*Asks:* 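Got a structure here, written out as structure tokens. Questions coming.
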Amino acid sequence: MSAAPEKEKSELLQGTLDLLILNALRRDSMHGFGLSQRLREMSRDVFQVEMGSLYPALCRLEAQGAIKGEWSVSEANRKARYYSLTAAGRKLLQKEADQWEKLSRTINLMLKATA
Amino acid sequence: MRWIRSLLFRLQPLFRRNKIEAGLTDELRSHLEFATEAHVAAGLTPAEARRAAERELGGIEQIKESWRDQRSLPWLDHIQQDVRTALRSLRKTPGFTAVAVLSLGVAIGVNTTSFSLVNGLLLRPLAPLRPDELVTLFVAEENVRFRPSSYEEYLAFRAHRDTFADVAATLRTFTSVAGPNGLQRGVGYFTSENFLSMLGVTPHRGRFFTAEECRPNAGLNVVIASYAFWQRLGGRDDFVGSTVRLNGKPYTVIGIAARSFDGVNTIIATDCWLPLGVFSTFGGSERGQPAANLADSNSQTLLLTARLASPLTIETARARLPALAQQLPTAARPRTLKITELSRINGGSRPSTGTDPSAFIAGAFLAVAAGVLLIAGFNLGNMLLARGADRAKEIALRTALGATRGRIVRQLLTEGFLLALAGGVLGFLLTLYANRLLYNAAAQINASYYSLALNLSPDFRVFAAVAFFCLFSMLVFSFLPALNASRVDLVQDLKRQGGETTSTHRLGRFFAWRHVVLMLQIGLSFTVIFCSALFIRGALLAGKAPPGFDPSSGLVAEVDFSLQDTPFADSQRAIAAAIETARAQPGVIAAAATTLLPYGNMGAAKDLEPADATARAAVSADKIRSHFAAVTPGYFDALGVRLMRGRDFTPAETSDPSSAYVAIIDERLAQRMFPNGDAMGQRLREPGHAQYSSTPAADASPEFEIVGICAPHRHETHGEAQTCLYVPFAANLEHRHGVYIQIRTSSHDPALVGATVASVRSALFASNHELPLVQVATFAALIEKEGTLWLARFGAVLLGTFGAIALLIAVTGIYGVKAYAVARRTREIGIRMALGAPPRAAFTLIFRQALLQTALALAVGSLLALAAGRLLNSFVYKISGTDPLAFTAAALLLAIAALAACWIPAQRAARINPIIALRSE
């Protein structure tokens with residue numbers, strides 16, 4: 001999984017991509033391109049998600065049953081594969097978000113403690 | 001359950017990969033369109049927008065690749081790919097593949113065949129049920145004199161349930177049934193009722209013995225047949241319940257043993273089992289006279305097999321034996337007990353000492369075969385090395401395109417694995433064929449006595465061995481190429497043009513990997529060829545010793561009265577009548593009977609000394625062991641040996657057992673017994689005769705008066721010619737085994753002599769249909785079956801095959817490496833020639849290197865060869881294990897073959913055209 005090599009852009013932490021995808025799909029179903037745009041917007045252009053990571057990640061999540069992909073037609077009358085969160089995906093999102101929360105809080109604490 | 005779904009999901013691309021990939025491609029395409037649209041909206045031209053979108057996306061193929069890695073099981077996928085690529089690349093070089101698979105297959109075949117032999121002789125379990133618990137129980141008096149046990153002792157052992165879970169008594173006997181060409185001899189065992197069930201054998205049909213049938217002197221005539229025996233007798237469905245005549249008496253078949261079991265001896269098959277209850281009434285006098293009574297505690301005849309009580313091992317059980325010996329009944333003399341693992345070959349009452357020679361021979365074959373496998377492995381390693389060097393560019397290219405080093409090595413290993421696999425399959429098929437040849441060759445040698453039990457059919461151990469040989473050879477041959485492949489120099493290899501990567505330093509080139517391997521190969525080949533040369537020389541010598549007579553016109557008819565209950569006088573008359581019948585046949589010149597067949601596998605010998613004290617003093621050895629045969633008048637004529645002095649036996653001496661002891665000796669014995677005087681009229685006797693005698697009828701120390709001296713002749717292939725003492729036929733009361741009627745015909749033509757066999761057989765049967773005729777065969781055919789000769793020839797054929805294979809593989813290896821070296825140095829040689837070197841110099845360049853390498857390899861190999869020869873010392877026939885002739889012959893053969901193999905590449909080097917060589921870059 002090759003993360004973005006550009007200097008300015010932070011590398012995505014391994015495993016956080018899944019969480020971000022699940023989060024982005026929380027309300028609406030989206031196709032791959034839309035998802036990539038959304039992720040960039042949400043990070044205020046800090047994260048550039050590599051397509052080479054995004055699509056395999058989508059496949060992986062689909063394999064786990066967290067999301068579901070369906071071909072349908074966009075507003076602009078274009079065929080695209082739309083991904084939506086399943087019930088299992090919601091649970092997974094909740095779990096991962098909690099874990100992340102705990103992890104980041106802990107790391108912040110430790111960083112302050114050493115500082 | 002989630003992992004199952006995940007696994008299924010991961011597996012599905014293997015089967016529906018194209019469909020899924022097509023879906024992914026569609027999705028990525030739609031992504032591109034969205035992205036292009038977005039860029040256009042941001043103000044780019046459609047073309048620019050498209051390019052920007054593509055740039056952002058990265059390659060569709062790369063995304064698919066990372067999808068593949070994630071979504072499928074990559075290793076399974078890779079294996080599939082590797083196998084496909086390897087098959088493709090092997091198919092592209094059919095010559096290489098064929099040579100590799102063939103040489104590997106032959107080497108693995110040779111090894112598996114040798115292993116099958118070791119397996120059949122040493123490894124196969126002897127009994128179906130927990131064979132580790134089974135032991136053979138030996139009884140010795142005064143610690144040294146081993147003897148069979150009495151029935152009483154057997155019962156005592158059987159009562160010791162805390163040491164032996166069970167004890168069974170057996171006794172071997174010769175049996176015979178009527179066959180199409182006379183009596184068929186076989187081997188049977190008297191057993192106690194528990195023998196077969198103790199071993200875990202089950203009946204194929206019918207039942208096994210009851211305790212009542214096995215009670216001493218029960219006299220219930222029943223028999224259990226082995227599966228093979230049943231098949232030989234026709235395999236009828238109503239066999240159980242029918243009657244067979246064994247040694248002339250009727251026995252009811254009550255059962256057939258399971259197919260897989262034909263006795264505990266790995267060489268001699270058991271045809272049938274008889275209850276101990278018929279021991280004293282069983283036909284034939286083979287066991288000696290008078291028939292022993294089992295109930296008598298002085299009758300010590302039984303051999304014991306036992307199953308140890310549950311927690312005991314052989315070692316722990318041994319500790320209990322001394323106490324057990326104390327508790328045995330009627331101990332006239334102190335007894336010692338000994339247990340060993342169940343005897344595989346030894347069927348006697350004395351435990352074997354040391355390694356069994358057949359096991360050693362089988363092991364030696366396996367060792368030599370392993371040498372052949374090593375040679376083949378080295379050879380293939382070299383071929384792969386050369387191939388790898390040729391493929392360096394391809395490999396560098398693949399590395400540049402992103403293949404990891406591990407992936408490349410895996411690819412090479414896959415090729416090696418496929419070669420090994422194909423070689424293993426071929427080797428296994430060859431083994432099946434070779435095993436059949438081996439079995440048939442070994443089965444005919446003593447076919448008139450017993451059928452061969454040796455089981456060479458593949459079992460799981462043989463399969464495991466094949467797998468091991470494949471793996472072993474793969475390790476040997478892929479080690480170097482893998483080593484090489486792991487130091488790929490990308491830039492160098494990509495730049496390379498038809499390659500001169502060999503070290504330019506002369507010594508470095510001389511000891512380049514492939515040359516070291518080549519020298520190893522030559523050295524090992526030398527060892528193998530030397531071993532086979534030893535055996536071949538032995539076999540050639542084996543046939544050389546002149547027998548002292550011409551067997552080509554001879555026929556032999558064997559009758560065996562020990563298989564019948566015929567009174568002695570009647571058997572004498574029957575033999576005399578049979579001789580007359582044979583003599584009357586057209587084409588027959590002479591016929592006479594003997595108890596000792598020259599070059600037969602059975603012998604009888606006696607120690608002899610002059611009866612006269614002064615003559616005795618002149619003999620250097622205190623006693624001389626000599627063949628002992630009883631013959632009818634005219635024997636020497638029938639055999640074709642000249643009676644040099646004196647007279648033949650008279651008919652009166654032959655027919656009358658009480659007649660004076662007279663003897664005819666051969667000239668060699670005459671010289672050894674009476675070096676200073678005339679042997680005629682002297683007397684010979686057995687030293688301390690009374691001690692050895694088992695014939696109470698004979699007087700205390702019979703002295704044989706010498707009435708004739710015959711020309712020296714041989715009775716055996718092996719060793720120095722033995723001396724022989726002949727007595728009149730009737731005088732030999734002890735020997736009642738096979739009697740051989742020597743028949744001489746007027747022809748020397750093998751076909752004509754062979755044709756007489758059938759007519760003599762039918763005439764003998766016609767004149768006396770009760771005659772226990774075992775076989776009629778040409779004398780020459782019987783001599784071929786002489787044990788030592790057969791073994792010498794067998795070893796020569798087997799090791800000769802090994803040697804030939806080693807030579808062939810070595811030659812192809814040398815040729816391959818040298819041809820390759822010339823190809824790689826084409827440019828260098830071209831430059832040398834352009835600078836004025838004559839073609840001869842190019843030839844010398846290549847040839848001198850080969851010469852030196854061969855010489856060095858032979859020097860190192862000779863050390864190994866001599867070491868191997870020393871090990872084989874006692875098993876090669878007649879010559880020492882370091883025989884200089886075999887050594888020189890092997891060295892010369894290999895050197896000539898090696899240099900011949902280099903000749904062609906060296907010639908090619910000499911013919912290099914410098915202009916073409918330099919332009920070809």
Side-chain angles (χ1 to χ4, degrees), chain A residues 1-6 9 14-15 17-18 21 29-41 45 47-83 86-89 91-92 95, chain B residues 1-14 16-17 19-42 46 49-74 77 402 404:
Chain A
M1 224 185 292
S2 53
E6 284 110 303
K9 296 180 174 157
Q14 183 98 35
L17 181 60
D18 287 9
I21 290 173
S29 62
M30 253 178 280
H31 50 67
F33 176 72
L35 195 57
S36 69
Q37 295 300 101
R38 168 62 70 82
L39 288 176
R40 197 160 66 184
E41 281 164 28
D45 279 352
F47 288 135
Q48 169 84 55
V49 183
E50 282 288 300
M51 297 309 123
S53 311
L54 178 67
Y55 281 96
L58 286 172
C59 289
R60 190 173 56 232
L61 286 169
E62 194 176 7
Q64 288 172 10
I67 59 172
K68 205 171 77 185
E70 264 163 333
W71 284 100
S72 82
V73 180
S74 76
E75 318 89 76
N77 211 14
R78 228 178 261 292
K79 264 187 76 178
R81 195 163 152 85
Y82 280 81
Y83 293 95
T86 63
K91 252 184 260 168
L92 186 64
K95 204 176 89 192
Chain B
M1 287 297 106
R2 202 160 124 184
W3 65 270
I4 292 186
R5 202 166 57 175
S6 170
L7 182 75
L8 284 178
F9 190 82
R10 275 161 170 261
L11 278 174
Q12 75 179 14
L14 287 177
R16 340 182 336 221
R17 171 194 207 140
K19 203 173 153 211
I20 293 169
E21 284 202 22
L24 189 63
T25 311
D26 284 347
E27 195 174 351
L28 293 173
R29 235 178 245 137
S30 109
H31 176 107
L32 271 181
E33 282 167 20
F34 280 114
T36 311
E37 216 165 82
H39 284 301
V40 170
R50 178 87 193 172
R51 267 202 301 280
E54 278 171 0
R55 203 168 47 236
E56 281 166 13
L57 183 65
I60 289 185
E61 285 309 311
Q62 274 88 329
I63 294 178
K64 279 206 278 193
E65 183 63 41
S66 59
W67 164 79
R68 281 182 208 129
D69 275 356
Q70 210 175 74
R71 192 156 162 172
S72 57
L73 293 172
D77 215 32
T404 60

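Each chain gets a letter, A, B and so on, in the order its sequence line appears, and its residues count up from 1. Remember, it's a predicted structure, so these values are computed and weren't measured experimentally.
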*Asks:* Name the orientation class of the two ring planes belonging to Tyr55(A) and His31(B) (parallel below 30°, tilted from 30 to 60°, perpendicular beyond 60°).
*Replies:*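 Rings of Tyr55(A) and His31(B): perpendicular, as their planes differ by over 60°.
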*Asks:* Heavy atoms only: give me the nearest Phe34(B)-Ala80(A) pair and the separation to one decimal.
*Replies:*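 The pair with the smallest heavy-atom distance is CE1-CB, 3.4 Å.
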*Asks:* Closest approach of Ala38(B) and Phe33(A), non-hydrogen atoms and distance?
*Replies:*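 Closest approach of Ala38(B) to Phe33(A): CB-CZ, 3.8 Å.
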*Asks:* How long is the span from the NE2 atom in His31(A) to the OG atom in Ser30(B), to the nearest 0.5 Å?
*Replies:*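 Output value for this atom pair is 7.0 Å.
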*Asks:* Do the non-hydrogen side-chain atoms of Trp71(A) and Asp26(B) ever get within less than 4.5 Å of each other?
*Replies:*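 Answer yes - side chains close enough.
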